[in-house]
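Worksheet for the structure shown next.
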Amino acid sequence: MSAPTDSDDDALRWAAQREALRGLHRDVLHEPVPEHLLEAVEQASNQRAWSRRWMQAGALAASVLVAFGAGWVGHGQWNARSAIGIQAARATAPVALAFAHDAAVAHAVYSPEKRHPVEVAAAEQQHLVQWLSRRLDKPLKVPDLGAQGYSLVGGRLLPGAAGARAQFMFEDGAGQRVTLYIGALADRNGASTQETAFRFASGDPVPSFYWVDQGFGYALAGKLPREKLLALADAVYKQL
Amino acid sequence: MNTAPIVACIPALRRYARALTGDAWTADDLVQDTLERACAKWSLWRAGSDLRAWLFTIMHNVWVNQLRQAGGRTLVDIDDAAHDLQAPGTEPDLLIDLQRCLLQLPAEQRAVLLLAALEDFAYQDIAKVLDIPIGTVMSRLSRARARLAELMEGGQPAGGTRPALRRLK
């Protein structure tokens, strides 16, 4: 037969390259699927059924829900919100994700502090809220997590990608701390980012639930099991 | 709706997303977005058609939107990407170099190359997933292969001088 040609060489090289690429992240194929992705499918398929019932009840009902997005009375409404906002929420992901990462890092930096966990302590709550509201240019509210066993430690001002951010710290009786991180979220063009449903960011360095509402990002971070963190985030959302 | 067929595709989606973005966290977020969107648009899937191709199509659209939002910049800090790649029982240096070089390919070339190499999609499937003509698939694939080979041959060893990479932060 004929001597090897350039194209034979090429074919071999491409085959080798393909094999190398198939070695990339091969372990991911055999890992168990993370719980939060399974839940995403479950929730999204439930909320789809849920929102369709609303659509059948009349388009008016759906538009009222969108217009008065504040009237959350039950857990099911989280689902309605994300079903309707799903298209809009997509484009927000990188900005919101970076925000959640900042929140997790801020938590990891300040929550272990014994002497200086906060700049302004809970004893001066009114001053704290006024100060941070002025710096973030938004009237802030400190959620009351007493029912969940957490009391306010205090808060601090932090620098963010596009300006000031606030961190409120809470602590339970055992000294377990969670932090609520708040800041304006804008994309590169300065347009405020779209609202998102609750998102879970696992780990790195601590897990958090984050969401975007009216141009502001919120992230609740803490070394807690996912359900506990979700219950706290839910309580925070309902009060803000 | 029966979600089992979608769930069965998750590992492949995760691997592709990780190779595409170079970052475990970004990748899983992309997968999560894709899954939510797929469930929301479930009625648009034609029963009997290729579910895997449909999911990859959705993922591609979500990813393109995110790139647009980020102004086309690479979203991943390469040092983080290298860290994510340290899987036991692999050749970390080679894989780190490979991922690093992949991230230097233009995004549209990277997508074509990975769909062909990781997922064994035929040219016509890739054309559908990416919504481009089949001729474009072939030319992008051949450019991607050649460029990746070039980068790997000229590439520095892990830990050596790093090629200039764009960072988000």
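Everything numeric here is computed off the predicted structure, so don't read it as measured data. Letters A, B, ... are given to chains in the order of the sequence lines, protein chains preceding strands, and every chain is numbered from 1.
The side-chain heavy atoms of A/Val28 and B/Pro11, taken from C-beta on, include no pair separated by under 4.5 Å. Side-chain contact check for A/Leu21 versus B/Gln99: every heavy-atom pair is 4.5 Å or farther apart. A/Arg18 is not listed as a side-chain neighbour of B/Leu113, based on a closest heavy-atom distance of 4.5 Å or more. A 4.5 Å side-chain heavy-atom check between A/Phe200 and B/Gln32 finds every atom pair outside the cut-off.
For B/Leu118, the parts lying near chain A are the backbone and the side chain together; criterion is any non-hydrogen pair under 4.5 Å. Contacts between B/Asp28 and chain A at a heavy-atom distance below 4.5 Å involve backbone atoms as well as side-chain atoms. Neither the backbone nor the side chain of B/Leu30 comes within less than 4.5 Å of any heavy atom in chain A.
Note that CG of B/Leu35 and CD of A/Glu39 are 12.5 Å apart. Values are rounded to the nearest 0.5 Å. In this structure, the separation between CG on B/Leu114 and CG on A/Leu24 is 7.5 Å, given to the nearest 0.5 Å. One finds the CG atom of A/Leu38 at 8.5 Å from the OG1 atom of B/Thr3 (value rounded to the nearest 0.5 Å). In this structure, the separation between CZ on A/Arg22 and CG on B/Asp120 is 4.5 Å, given to the nearest 0.5 Å.
Here the closest non-hydrogen pair linking B/Thr26 and A/Leu97 is CA-CD2, 4.0 Å. The two residues A/Trp14 and B/Ala149 come nearest to each other via the heavy atoms CZ3-CB, 4.3 Å. Across A/Ala20 and B/Leu95, no two heavy atoms sit closer than the pair O-CD2, 4.3 Å. Taking all atoms of both residues into account, the shortest heavy-atom contact from B/Trp25 to A/Ala201 is CZ2-CB, 3.3 Å.
Counting heavy atoms of neighbouring residues, nucleotides and ligands inside a 6.0 Å radius, atom NZ of A/Lys223 does not exceed 12 of them. Applying the 6.0 Å contact sphere to CZ of A/Arg226 captures more than 12 heavy atoms from other residues, nucleotides or ligands.
Between the side chain of A/Gln17 and the backbone N or O of B/Arg145 there is at least one donor-acceptor pair closer than 3.5 Å. Checking side-chain atoms of B/Arg15 against main-chain N and O of A/Arg26 turns up no donor-acceptor pair under 3.5 Å.
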Worksheet item: Can you list the steps and then say if B/Leu13 with A/Leu37 is a side chain to side chain contact (heavy atoms under 4.5 Å, CB included)?
Response: CA-CA 11 Å; B/Leu13 290 167; A/Leu37 292 180; over 6 Å; no
Item to complete: Would you sort out whether B/Arg14 and A/Asp27 count as a salt bridge (charged side-chain N to carboxylate O under 4.0 Å, His left out), showing the intermediate values?
Response: CA-CA 11 Å; B/Arg14 290 183 75 214; A/Asp27 49 315; over 6 Å; no
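Among residues 103-113 of chain A, no residue has any heavy atom closer than 4.5 Å to a heavy atom of chain B.
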